[in-house]
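Data first, discussion second: the structure below is written as structure tokens.
Residue numbers start at 1 and run along the sequence shown.
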Amino acid sequence: MTNDFRNDMRAIQSTVSEAHLSCGRILAALDTGSGDGAETAFALDKMSAQFESGALSLRNLCEKHRPEASRKAVKPQLPAISLTGRAEVNEDGWLHIALNALLPHCRYQTPAWLSDTVGRLLDDYEQRKGRPLPRFDSAMLVIDEHCDISSRTIFDPDNKGWKAIPNALKGRVVKDDDQFSLSIALVSTRSGKPACHIYLLPAQDTGDFFLMKYGNYPAFP
């Protein structure tokens with residue numbers, strides 16, 4: 001492995017060195033005022049290709065020669081918690097899932113218990129109501145955490161582990177979670193009762209949803 005590693009590193013060094021020389025030639029041409037626009041464009045394309053080749057080679061080298069122990073390094077698992085809630089579909093056909101806990105931190109692995117709980121609540125709805133769940137070709141997913149300063153556990157929205165939720169909904173109530181099938185909004189509501197409210201609705205109803213949420217409708221959860 002050592003010889004292969006050394007040879008790979010030398011190859012990357014050669015590619016990056018060539019890119020560095022190309023950069024130097026462009027700077028020299030600029031300093032002397034030589035070279036026309038076509039020549040400069042060609043030199044820039046060549047330099048860009050060399051740097052890109054070096055970056056890709058380095059990424060492949062990292063995957064090839066990374067120690068086995070570090071390959072297995074993953075985010076720690078979050079201990080399972082007792083999570084309950086409910087799922088309902090309102091008169092407009094919007095799916096509402098309420099969980100009695102806040103979102104976990106994204107420094108942990110996506111917790112299986114979160115996606116499992118969402119799936120279980122969907123199963124419970126179908127069995128309890130005796131009818132299938134709604135299906136959306138294009139949907140808006142709103143994840144609304146209810147908490148206050150003392151009960152919140154994560155300060156920044158970008159640290160919240162919400163990805164288990166669309167994964168649990170994909171293929172069941174929304175056909176896919178790609179960017180043209182599912183839009184996602186992460187919001188917060190001041191409340192003394194910590195909970196996570198999940199809404200899935202047709203994309204065209206997004207304006208109506210936020211009008212109801214922020215329009216002081218007393219029945220809106």
Point-to-point distance, once rounded to the nearest 0.5 Å, from CG of Leu186 to CG of Leu141: 9.0 Å
Test item: Asn90 side-chain N/O and Asp92 main-chain N/O as donor-acceptor pair under 3.5 Å: yes
Point-to-point distance, once rounded to the nearest 0.5 Å, from OG1 of Thr15 to CZ of Arg10: 14.5 Å
Cluster link Met47 to Phe42, ILVMFWY, side chain under 4.5 Å: no
Any donor-acceptor pair under 3.5 Å from Ser17 side chain to Gln13 backbone: yes
Heavy-atom closest pair, residues Leu200 and Ala139: CD1-CB, 3.9 Å
Which atom of Met140 lies closest to which atom of Val142, heavy atoms considered: CG-CG2, 3.7 Å
Contact check, side chains of Leu99 and Leu114, non-hydrogen atoms, under 4.5 Å: yes
CA sep, side-chain torsions, deciding dist, call: Glu126, Leu133, side-chain contact (heavy atoms from CB on, under 4.5 Å): CA-CA 7 Å; Glu126 290 185 310; Leu133 291 160; 3.7 Å; yes
Polar side chain donor-acceptor pair, Arg131 to Tyr125, under 3.5 angstrom: yes
Ile26 and Lys46, any side-chain heavy atoms less than 4.5 Å apart: no
Nearest heavy-atom neighbours spanning Gly192 and Asp148: CA-OD2, 3.6 Å
Pairs meeting criterion salt bridge (charged side-chain N to carboxylate O under 4.0 Å, His left out) with involvement of residues 177-196, two or more places apart: Lys170-Asp177
Within 6.0 angstrom of Tyr214 OH, more than 12 heavy atoms from elsewhere: yes
Interatomic distance, Leu103 atom CG to Asn159 atom CG [nearest 0.5 angstrom]: 11.5 Å
Pro104 to Ile154 - nearest heavy-atom pair and separation: O-CD1, 3.3 Å
Under 3.5 Å: donor-acceptor pair, side chain of Arg135, backbone of Gly171: yes
Heavy-atom side-chain contact between Thr206 and Ser183 under 4.5 Å: no
Check: Cys147 main-chain N/O paired with Ser151 side-chain donor or acceptor under 3.5 Å: no
Stepwise side-chain contact (heavy atoms from CB on, under 4.5 Å) check, Leu169 with Leu122: CA-CA 9 Å; Leu169 300 175; Leu122 296 179; 4.0 Å; yes
Heavy-atom closest pair, residues Asp176 and Ser181: O-CB, 3.5 Å
OG1 on Thr32 to CG on Leu27, rounded to 0.5 Å: 10.5 Å
Within one Ile-Leu-Val-Met-Phe-Trp-Tyr cluster: Leu201 and Phe210, side-chain cutoff 4.5 Å: yes
Least distance between heavy atoms, Pro166 atom then Ile184 atom: CG-CD1, 4.4 Å
Atom pair NE2 (His146) and CG (Leu102), whose distance is rounded to the nearest 0.5 Å: 10.5 Å
Parallel, tilted or perpendicular: rings of His96 and Tyr199 (30°, 60°): parallel
side-chain hydrogen bond (donor to acceptor under 3.5 Å, both in side chains) partner of Asp124, chosen from Gln127, Arg128, Arg120: Arg128
Check against side-chain contact (heavy atoms from CB on, under 4.5 Å), Ser188 and Lys160: CA-CA 12 Å; Ser188 297; Lys160 294 180 180 181; 3.6 Å; yes
Candidate pair Val187 and Lys213, rule side-chain contact (heavy atoms from CB on, under 4.5 Å), full reasoning: CA-CA 11 Å; Val187 299; Lys213 175 171 176 55; 4.0 Å; yes
